[in-house]
2 protein chains.
Amino acid sequence: MDSINIKKLAEALNLSTSTISRAFRDNSDINGATKERILTKAKELNYQPNHYASNLREQKSKTIAVIVPELANNYFSQAIHGIERVARENGYHILIYVTDDDYNKEVTFISHLHNGRADGIIMSVSGEANDHNYLNQFETKRLPLVFFDRIYDDIETPRVITNDYKSSFQATEHLIEQGCKRIAYLVVNKSLSIGKTRMKGYLDALSKYSIEFDEQLIVDCSNSYEENSIIIKNALVDLKPDGVFTSVERLAFATYYACYDLEISIPDDLKVISFSSLEIAPLLNPSLTTITQPAVEIGEEAARLLFKILDHHQDKNCFSEVVLDSKMIIRNSTSNLPESGKK
Amino acid sequence: MDSINIKKLAEALNLSTSTISRAFRDNSDINGATKERILTKAKELNYQPNHYASNLREQKSKTIAVIVPELANNYFSQAIHGIERVARENGYHILIYVTDDDYNKEVTFISHLHNGRADGIIMSVSGEANDHNYLNQFETKRLPLVFFDRIYDDIETPRVITNDYKSSFQATEHLIEQGCKRIAYLVVNKSLSIGKTRMKGYLDALSKYSIEFDEQLIVDCSNSYEENSIIIKNALVDLKPDGVFTSVERLAFATYYACYDLEISIPDDLKVISFSSLEIAPLLNPSLTTITQPAVEIGEEAARLLFKILDHHQDKNCFSEVVLDSKMIIRNSTSNLPESGKK
DNA sequence: TTGTATGCGTTATCAT
DNA sequence: ATGATAACGCATACAA
């Protein structure tokens, strides 16, 4: 192998490898001039300390793993963007893993990460319906882990979430104030914490306004686009709701498509509000009223929490929780007011 | 340190470390029974071969780096999804780097990757206006590199692109057929290859239909949302185009916003077509006519090209080029035909 | 089939 | 301020 390494650089400069090594760390005792000389020569010969050797020696990787259910989702890509930024500022790299909402992949990823590849993990979980005790099997050796958005309630680890209960209450209340009497709640898996919390807000808002709860109006959807299309169309036809609150963005899109097909007018016949991080919600037909989570900040905050642990400023098993605020933005899908500039 | 390693596992089983090591590689001579015994005990003690030690020893990382200009863009998140899938199937992991369209970050990322952290790179470039010869300075030691979508023409390395020229010609032709006489071309940086190629298709289509080319109608936009808003509004007011062809998705969104504000009706007063991977283009107001690139496949193909090199099936400096087809999908932003199911 | 010994490229300790 | 050396955890050539 003719590639450069610390030894060759040392020979080329007539120095020892220790001195070379010192030139690359900040704290070490080294003569300014020699350091300069080394760095110059290093650049010339294109030398960089080998990452794997350093990590082996130092027992850390300066890498964090990010595990998300999906990537083609504005919320997650924005969150990752936030994570990436903070990680880079801290000199860390990020590995990305996509579970496609498959619990088994999540387990595989996590366990394969426990071989030194990453120093910590930031995850939005996929397997709430399954056994998440697998995370405890690592015991004290479990990697530092931070949850964001979709979490496991029973795992003791820091988390970044938004106030989903409050937002859902507010969303439902908004529909009621707009005159809705039969409000459907569309959810992907109502047993998951995120769907559950959001549903509770929905239920409590109904109750506050003494609107009778009709269990049928909780519509449990799937991850398949085709299935959802059928489920939602049936729900709209059979249940005749006058308002829809969707727990995830893509169910709102599916509702729009269904309404186009069924010639149901939004917002006249049906008002729609959704959790969504879509930046072009104002461009939809009609513009979509959203509960928007601060996705980028959530990512940044999750990364910061992780670094607190990695820098030993915090125990990795603490239950610290950061709650950020979502924002309801009212647009035409729930309101008949003429929009400014709208033709 | 009380963590498990190959030595402790060997002691626990009364075997040598080499035998343990062999149990974890497929090719080695090892007794089936002992292998079984080792694997069982390994699982029990939660042992996995240390990634950094293995990589140091084997001089490869089973990791590929993906560098993109931005993440909050449907095209790139879909492409990454494709890359991730193929990488995982091949037992590789992916590192993500976002340049925010900053050439300097790109250079930094690339040079820092040449320390063994990654075995290869898949990149959509950010710095066409700058010197990209930095990639050649690594000479024979340059990491295997595959470009996708935004490429450097003068770097000899495999690439995956779409037929931008043809698509742009087609897009412009479509506008002309819809009756447009003054077609503006919105581009982020017309000197970049992607903007240039797309512009050439535009120009040639104009020429085919003997439409005089007005240089003012090439509108050079920026990366700033606010600046673009002003630039585009001015262009619409001053130049009075009747058609707009935008080279990237977000310029189409900006055009929509501008039209809302200026009360310009799409498609009556202005027809709009854009390169875009937006899955909900049909939901826009009006639904957006797009040239849609097969983003996921582009990512997959790029990953496959890279693996061809990594598996030594192909030289890393070859100029192989994979061209995939984009698809024009006509919707309401360029047509007045009543849309099925549209109320 | 299994064990022994060496080195991958670094950095920390200790000595000079 | 600099150098010699051991160790990080593993995989391979070679020996048995």
Side-chain angles (χ1 to χ4, degrees), chain A residues 1-39 41-42 45-63 91 112-119 141, chain B residues 1-39 41-42 45-63 91 112-119 141:
Chain A
M1 201 55 162
D2 64 340
S3 83
I4 185 78
N5 59 27
I6 200 172
K7 219 160 137 190
K8 286 188 199 150
L9 184 56
E11 280 166 14
L13 285 164
N14 243 300
L15 288 168
S16 77
T17 59
S18 335
T19 310
I20 307 294
S21 179
R22 275 188 270 260
F24 285 90
R25 32 222 61 271
D26 291 331
N27 49 349
S28 296
D29 283 348
I30 188 171
N31 183 302
T34 40
K35 177 165 178 175
E36 211 48 51
R37 204 157 64 87
I38 292 171
L39 262 26
K41 192 76 175 177
L45 297 182
N46 232 302
Y47 168 79
Q48 291 176 59
N50 180 288
H51 182 245
Y52 288 97
S54 302
N55 290 158
L56 175 57
R57 183 57 231 240
E58 299 186 41
Q59 303 286 36
K60 59 187 167 63
S61 64
K62 285 271 194 180
T63 301
H112 280 59
L113 283 168
H114 280 257
N115 64 352
R117 198 180 252 278
D119 295 340
K141 287 172 298 188
Chain B
M1 203 52 162
D2 64 339
S3 84
I4 186 78
N5 59 28
I6 199 172
K7 217 160 140 191
K8 285 187 199 151
L9 184 57
E11 280 166 13
L13 285 162
N14 244 301
L15 288 168
S16 77
T17 60
S18 34
T19 310
I20 307 294
S21 178
R22 277 189 267 262
F24 284 90
R25 24 226 67 266
D26 292 332
N27 50 349
S28 295
D29 284 347
I30 187 169
N31 182 302
T34 42
K35 177 165 179 176
E36 212 47 51
R37 206 158 62 87
I38 292 172
L39 261 28
K41 192 75 175 177
L45 298 182
N46 234 302
Y47 169 78
Q48 290 176 57
N50 180 287
H51 182 246
Y52 288 97
S54 303
N55 290 158
L56 175 57
R57 183 54 232 249
E58 298 188 45
Q59 303 285 36
K60 59 187 167 63
S61 65
K62 285 273 197 177
T63 302
H112 279 60
L113 283 168
H114 280 256
N115 64 351
R117 198 181 252 279
D119 294 340
K141 286 171 300 188

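As a basis for the values below, the full set of heavy atoms in this structure was taken, side chains included, without hydrogen atoms, waters or symmetry mates. Chain A is the first sequence line, chain B the second, and so forth, proteins listed ahead of strands; every chain is numbered from 1. Everything numeric here is computed off the predicted structure, so don't read it as measured data.
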Rounded to the Å, how far apart are [X] [atom1] and [N] [atom2]?
| X | N | atom1 | atom2 | result |
| --- | --- | --- | --- | --- |
| B:Leu9 | D:dC10 | CG | P | 9 Å |
| A:Glu36 | D:dT2 | CD | P | 13 Å |
| B:Lys7 | D:dC8 | NZ | P | 6 Å |
| A:Asn31 | D:dG3 | CG | C1' | 15 Å |
| A:Asn14 | D:dG3 | CG | P | 9 Å |
| B:Lys35 | C:dT1 | NZ | C1' | 14 Å |
| B:His51 | C:dG9 | NE2 | P | 17 Å |
| A:Lys60 | D:dG9 | NZ | P | 15 Å |

### A:His114, NE2 atom: more than 12 neighbouring heavy atoms under 6.0 Å
yes
### Summary
Closest non-hydrogen atoms of B:Ile30 and B:Ile38, given as atom of the first, atom of the second and distance, are CD1-CD1, 4.3 Å
### Query
Are a donor atom and an acceptor atom from the side chains of A:Thr19 and A:Ser16 found within less than 3.5 Å of each other?
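A:Thr19 vs A:Ser16: donor-acceptor pair found between side chains.
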### Query
Does a side chain donor of either B:Ser61 or B:Asn55 reach within less than 3.5 Å of an acceptor in the other side chain?
no
### Summary
In short, the helix from C:dT1-D:dA16 to C:dT16-D:dA1 is bent end to end, axes from five pairs each side, to 10°, by 40°
Does [N] have OP1 or OP2 under 4.0 Å away from a side-chain N or O of [X]?
| X | N | result |
| --- | --- | --- |
| A:Asn50 | C:dG9 | no |
| B:Gln59 | D:dA11 | no |
| A:Thr19 | D:dG3 | yes |

### Task
Check every strand shown and say whether A:Asp29 touches a base, only sugar-phosphate, or nothing at a heavy-atom separation below 4.0 Å.
base
### Query
Contact class for B:Leu56 vs. all strands (heavy atom < 4.0 Å): base, sugar-phosphate, or nothing?
base
### Query
Got a sec, which residues hit side chain to side chain donor-acceptor pair (under 3.5 Å) with A:Asn50, two or more places apart in sequence or on another chain?
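A:Asn50 satisfies side chain to side chain donor-acceptor pair (under 3.5 Å) with no residue once adjacent residues are dropped.
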### Task
Would you give a per-nucleotide map of nucleotides 11-16 of chain C, 5' to 3', where B means the base has a protein non-hydrogen atom under 4.0 Å away, S means only the sugar-phosphate does, and - means neither?
BB----
With sequence neighbours excluded, tell me which residues meet side-chain contact (heavy atoms from CB on, under 4.5 Å) with [X].
| X | answer |
| --- | --- |
| A:Asn5 | A:Lys7, A:Lys8 |
| A:Ser54 | A:Pro49, A:Glu58 |
| B:Leu39 | B:Ala23, B:Phe24, B:Lys35 |

### Task
Measure from the side chain of A:Asn5, starting at C-beta and using heavy atoms only, and say which of C:dG9, C:dT4, D:dG3 lies closest.
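The answer is C:dG9, which lies nearest to the side chain.
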### Task
Rounded to the nearest 0.5 Å, what's the gap from NE2 on A:His51 to OH on B:Tyr52? Could you check?
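Between atom NE2 of A:His51 and atom OH of B:Tyr52 there are 5.0 Å.
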